[in-house]
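All remarks here apply to the structure that follows.
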There are 2 protein chains.
Amino acid sequence: MTKPTPQSAPPVVTRVSDATLRGFVGYHMKRAFNVIQADLAATLKPYGLRMVTYSALVLIVDNPGLRQSQLADAMDVERPNLVVIIDELERRELILREKVPTDRRAYALVPTLAGRQLCARAVAAVKGHEARLLRGLNAPDIARVLAVLKQIETTGSEE
Amino acid sequence: MTKPTPQSAPPVVTRVSDATLRGFVGYHMKRAFNVIQADLAATLKPYGLRMVTYSALVLIVDNPGLRQSQLADAMDVERPNLVVIIDELERRELILREKVPTDRRAYALVPTLAGRQLCARAVAAVKGHEARLLRGLNAPDIARVLAVLKQIETTGSEE
DNA sequence: TATTGTTATACTCTATAACTATA
DNA sequence: TATAGTTATAGAGTATAACAATA
C-alpha cells in the first residue's frame, strides 16, 4: 500500500523527473548535441569561426572551385543564407569568389593560403574538442554510434 | 604518379566531398539530429505541439506541481522563454498555473485531464516516430548509442 | 523558360536587462 | 538582499518571394 497523495493539491516537486523523455533516443541526442555545440562554439571562437563558417570553409578547402549553389546543397542551407556566410569568409580573405568563364552567372569558391592555414588549425582544434568530449570511449563503440547515426540520416529520406 | 592539376584554375567540382567533416562525430550528430527534428516536428504537428511545448507538457504531466523555474532548469531554457511556452499550453487548457499558498510569487504547473490525454497520445506518436527512424537497429546497438550520448552529455560539464 | 547569385523580409529560437511582487 | 515570474528587446538561425544577369 502506497501512501495516497491528494489529487487536488499536488505535492511539492523536489526533483524533476525526465524519465519519460529519457525513453527517447532523440532526447538524448538533443542534450548531447547541445553540449557538443556549446563546446564547439567555444573551440572555434579563437579562430573567429562559427559552426556554419567553419563547415563552409572546410568544404571549400576540400572542394576548391565549387559553386555557391553546390555548397548550399552540401550544407543543407538555403542559397540566400549562404550569401552572408560567404561574404564573411571573403571579407576576412579566407576565400575568394572567382568568376567562372564558362558560366558568367556562377562563382567558383576557392580558398586563399590564409584560408587553408586557418582551416588546418581549426580542424586540429576541433579534433582536440572531440577527443576531450569522447575521452574514455573506445573506437568500436564510436564506430557503432556512427553507423546508427548514418542509418538515421538515410532512413529519414526513405519513408 | 597522379595527373597534376593546375593550381591557378581549380577543376569543376562534380561531386562535393565532405570527407573531412565526416571524420567528426559532431557532424554525423548534427545531420542525424536534423532528420530526427524534422520528422518529430511532422509527428507532433497533428497534436498542435512543437518540440518545446511537447517536452514541457511531458515534464508537467510527469511532475505535476513543479514550478516554472524548475521546468526552465530541466529544459535548459531561460525563464523568459518559458513564459510563452507555458502561455501556449495554458491557453489550450492543457495545463493550469496554480497559485502556491506557501509562496505567493510562484506558480505550480499542473496538467488538466485534456493535457494528460493529449500527452499520452503524443508520447505514443513519438514512440512510433522513433520506431520508424530506428527500424532495423537492434537493442544492444541502441543501448550503446545511449551510453555514448550520456557520456558526452556529462563530460561537457566536467572539463 | 530555367538557373545563379542576390536582396528584402519574416518567422522562430534563444539570450539579456530590467521590472513587479513577493520572500 | 534575493527569488519567481514577467516584459521588452536584440541577436542568431532559417525560410520564402522576387529580382537582375545569364544560360
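Keep in mind that this is a model prediction, so the values were computed, not measured. By convention in this document, chain letters (A, B, ...) are assigned in the order of the sequence lines, proteins followed by strands, and residues within each chain are numbered from 1.
- In terms of the salt bridge (charged side-chain N to carboxylate O under 4.0 Å, His left out) criterion, Arg104(A) has no residue partners (sequence neighbours excluded).
- Looking at residues two or more places apart in sequence or on another chain, you find no salt bridge (charged side-chain N to carboxylate O under 4.0 Å, His left out) involving Arg92(B).
- Remark on DNA chain C: of its neighbouring residues Lys30(A) and Asp87(A), the 5'-side contact belongs to Asp87(A), judged by nearest-heavy-atom nucleotide.
- Listed in residue order, the members of residues 41-53 of chain A having a heavy atom less than 4.0 Å from DNA chain D are Arg50(A).
- Between the CD1 atom of Ile85(A) and the P atom of dA12(D) there is a distance of 13 Å, rounded to whole Å.
- Taken from CD1 in Ile60(A) to CG in Leu71(A), the straight-line distance is 5.5 Å, to the nearest 0.5 Å.
- Within the structure, salt bridge (charged side-chain N to carboxylate O under 4.0 Å, His left out) contacts touching residues 50-64 of chain B (residues at least two apart or in different chains) are Arg50(B)-Glu88(B).
- Residues forming a salt bridge (charged side-chain N to carboxylate O under 4.0 Å, His left out) with Arg144(A) (at least two apart in sequence, or on another chain): Asp141(A).
- Residue pairs meeting the salt bridge (charged side-chain N to carboxylate O under 4.0 Å, His left out) criterion with at least one partner in residues 22-36 of chain A, sequence neighbours excluded, are Asp18(A)-Arg22(A), Arg22(A)-Glu153(B), Arg31(A)-Asp76(B), Arg31(A)-Glu153(B).
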Might you list the N or O atoms of the protein lying below 3.5 Å from N or O atoms in nucleotides 17-23 of chain D, with each pair's distance?
from	atom 1	to	atom 2	distance (Å)
dA23(D)	OP1	Arg104(A)	N	2.9

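- dT16(D) atom P lies 16 Å from atom CG of Leu82(A), rounded to whole Å.
- In terms of position on DNA chain D, the residue among Ile86(B) and Asn81(A) whose nearest nucleotide sits closer to the 5' end is Ile86(B).
- For Arg97(B), the salt bridge (charged side-chain N to carboxylate O under 4.0 Å, His left out) criterion is met by Asp87(B), Glu90(B), not counting sequence neighbours.
- Scanning residues 54-75 of chain B for heavy-atom distances under 4.0 Å to DNA chain D yields Arg67(B), Gln68(B), Ser69(B).
- Counting heavy atoms from C-beta outward, Val148(B) and Ile142(A) have side chains that stay 4.5 Å or more apart.
- Nearest heavy-atom pair across Gln68(A) and Val83(A) is NE2-CG2, 4.3 Å.
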Residues 113-125 of chain A, side-chain donor-acceptor partners within the protein, below 3.5 Å, at least two apart:
none

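- Here Val110(A) is tied into one hydrophobic group with Leu96(A), each link being a pair of ILVMFWY side chains closer than 4.5 Å.
- Minimum interatomic distance between Glu93(B) and Thr112(B) (heavy atoms only, all atoms of both residues): O-OG1, 2.8 Å.
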_Between Tyr107(B) and Lys99(B), does the side chain to side chain contact (heavy atoms under 4.5 Å, CB included) criterion hold? Intermediate values first, please._
CA-CA 5 Å; Tyr107(B) 286 107; Lys99(B) 281 265 172 204; 3.5 Å; yes

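- Taking every nucleotide of DNA chain C with any atom under 4.0 Å from a non-hydrogen atom of chain B, the first and last of them, 5' to 3', are dC13(C) to dA23(C).
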